[in-house]
Protein chains: 2
Amino acid sequence: MSQRKTKAERRRELLMAARDAFVEKGLSAATVDDIVAGAGVARGTFYLYFSDKRAVFEALVDEFLAALGVRVRSIVLGPDEPPPRAQLRDNVRRVVELALEEPGIVKLALADATGVDPDLDDKLHAFYEGLRSLIDESLEVGQQLKMVRPGDRRVMVAIGLGGLKEVLVDAVRGHIEADPDVITDEIMAFLAGGLLVDERLDG
Amino acid sequence: MSQRKTKAERRRELLMAARDAFVEKGLSAATVDDIVAGAGVARGTFYLYFSDKRAVFEALVDEFLAALGVRVRSIVLGPDEPPPRAQLRDNVRRVVELALEEPGIVKLALADATGVDPDLDDKLHAFYEGLRSLIDESLEVGQQLKMVRPGDRRVMVAIGLGGLKEVLVDAVRGHIEADPDVITDEIMAFLAGGLLVDERLDG
DNA sequence: GGTGTCACTGACGTCAGTGTCAGTACGCGA
DNA sequence: TCGCGTACTGACACTGACGTCAGTGACACC
C-alpha cells in the first residue's frame, strides 16, 4: 500500500510510470498493470486519475507539445533583431536540447506513436499539421524575402520535418552523437547547402 | 465457405486482406478476424498460412523490402556510366515510384510500424540499419571524391533518410502532389542546395 | 473516541481476441 | 461408388487486459 500523496504528486508519478512503460514495452503492449506497477499503486488508483491508457498518453503528448511550443519562436525581422538565420538556429538548438532532455517522450511522440490506434493518431496528426503550417508559412515569407530558394514548399516542409524528426530520434537512441552543438550545426549546414558539392564535378 | 484455391492464391489473398486491415485499423488494432473477414475465409484458414499476426506483417514487410532492394542500385563510377548524380536521381525516382504504387505498405512500413511491439520493431530496425549503412557508405565515398561536402555523416544520413521517409508518407497520404517527377526534383534540389539561399543576405 | 472524508486498494466479472482441432466439403483416382 | 487426401470451417476453451466498486486505513475536526 502506497503512501498518501497530493493529487498532483500522484498524477505525476503515474505519468512518469506510464512514460517509462510505453518506452520500454511499446505503446500498445504496455498495460495499465505495467503503469501501476511502475508507480507503486493499485490498479484502481490509476482510474482515479486517468480514464484509460489513451488519456494518460494524451497527457504526456500534451506536456511535450507545450514544452516544444515554448521553445519554438517565430522569426522576427527588424533592425534590432538578430539575423534571421541566427534566430532559426536558436530555434533548432532549443528543440534539439529539449529532445535530449526528454528522450523517452521523443521516442514515443516522434517515432512510436502513429498507427497504434486511430484515436491516438489524430492527436499527433493535428500537431504535425500545425507544425507543418508553421514551417510552411516561414518558408513562404523566406521565399518572398529571397532567403529561401524557390520550390514546392510542401515537399520542402516534409523533408525538413522528416529530417529533423529522424535526427532527434537517432540522437535519443544513441545512434548519433548527442551533442546539441554538433547536431544543430549539421542541421543548419544541411539547410544551408544540402549535401552535394558541385554539379560540375559529376560525370 | 470460400472456393478452393491454390496455396499461393490463398496466401496472397490473406496478405492483401492483412495489408488493408492494418492500414485501415492500425497495426495493433487490426485483428485476425478482420483479416479473415477481408479475405473471405474462416478463422482457422489464417493459421494454415501464417503462425500469427506478426508473421503476416513480417511477410508484408519482407515483400516491400525486396521490392525496394530491386530499385536501389549502387552508384558505379566509370567512363561508360551515367554521371553519379544522374544515377542517384534514378534511384530516388524509382523509390518514389514504388512508394506511390504501394501506398498502404508505405504507410505501414515507414510510418506506422514502430513501437507497436518489440518483435515487429526489430525487423524494421534491422532494415533501417542496413539502409543507413548503405547511405553512409555512399556518403563516405562521395566525401572522398569531394562530391559530398564534409560533415558528420551519421547526422547527414539521419536527415536524408528521415526526409525521404516523410516525403514518401506525405505523398502517399495526399498531403503533397503525387507526381514522381516533382517529388524527385525537389529531393534532388534539397540534396544539392538545401533550402537557404545565401548567408550574406541575412541580418 | 466518534465521525466524516478522502485517497487508495485489489478481487471480481466481463469481454475481446487468440489459437486449436474435430469435423465437413470437395475433387480425384481406383 | 468408394475411399483418400487436402483445403477449409467455425465452435470452443483459454488468456489476459479492462474497468469497477465495496471495502480499508489514515487523517482532521469536533
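From a predicted model like this one, the values you see are computed outputs, not experimental measurements. Throughout, a chain's letter reflects where its sequence line sits, starting with A, and its residues are numbered from 1.
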Which nucleotide in the set [options] lies at the smallest distance from any side-chain heavy atom of [X]?
| X | options | answer |
| --- | --- | --- |
| B:Lys53 | C:dC8, C:dT18, D:dT20 | C:dT18 |
| A:Thr45 | D:dA7, C:dT18, C:dT9 | C:dT9 |
| B:Ala42 | D:dT9, D:dG19, C:dA7 | D:dT9 |
| A:Val32 | C:dT9, D:dC18, D:dT9 | D:dC18 |
| B:Leu48 | C:dT18, D:dT9, C:dA7 | D:dT9 |
| B:Thr31 | C:dG17, C:dC8, C:dG10 | C:dG17 |

Original post:
Just checking, is any N or O donor in the side chain of A:Arg73 or A:Gln87 under 3.5 Å from an acceptor N or O on the other one?
Top reply: no

Original post:
Does one side chain, of A:Thr31 or A:Asp34, offer a donor that lies under 3.5 Å from an acceptor on the other?
Top reply: yes

Original post:
Hey, is the side chain of B:Tyr47 poking within less than 4.0 Å of OP1 or OP2 on D:dT9, counting only N and O atoms?
Top reply: no

Original post:
Looking only at side-chain N and O atoms, does A:Arg10 come under 4.0 Å of OP1 or OP2 in C:dC8?
Top reply: yes

**OP:** Give one of base, sugar-phosphate or nothing for A:Phe50, where a contact means two heavy atoms less than 4.0 Å apart.
**Re:** nothing

**OP:** Scan A:Asp52 against the nucleic acid and name what it touches under 4.0 Å (heavy atoms): base, sugar-phosphate only, or nothing.
**Re:** sugar-phosphate

Original post:
Is the shortest heavy-atom distance from the side chain of A:Val106 to the side chain of A:Phe64 under 4.5 Å?
Top reply: yes

When the distance from [atom1] of [X] to [atom2] of [N] is rounded to whole Å, what number comes out?
| X | N | atom1 | atom2 | result |
| --- | --- | --- | --- | --- |
| A:Asp34 | D:dG16 | CG | C1' | 12 Å |
| B:Arg11 | D:dC8 | CZ | C1' | 18 Å |
| A:Glu13 | C:dC8 | CD | C1' | 13 Å |
| A:Phe46 | D:dC21 | CZ | P | 17 Å |
| B:Arg54 | C:dT18 | CZ | C1' | 16 Å |
| B:Arg12 | D:dA7 | CZ | C1' | 20 Å |
| B:Lys25 | C:dG17 | NZ | C1' | 12 Å |
| B:Asp33 | C:dG19 | CG | P | 11 Å |

Original post:
Does the pair A:Glu101/A:Arg71 count as a salt bridge with the N-to-O cut at 4.0 Å?
Top reply: yes

Original post:
Does NZ or CZ of B:Lys53 come closer than 6.0 Å to the centre of the six-membered ring of B:Phe46, within 45° of the ring's axis?
Top reply: no

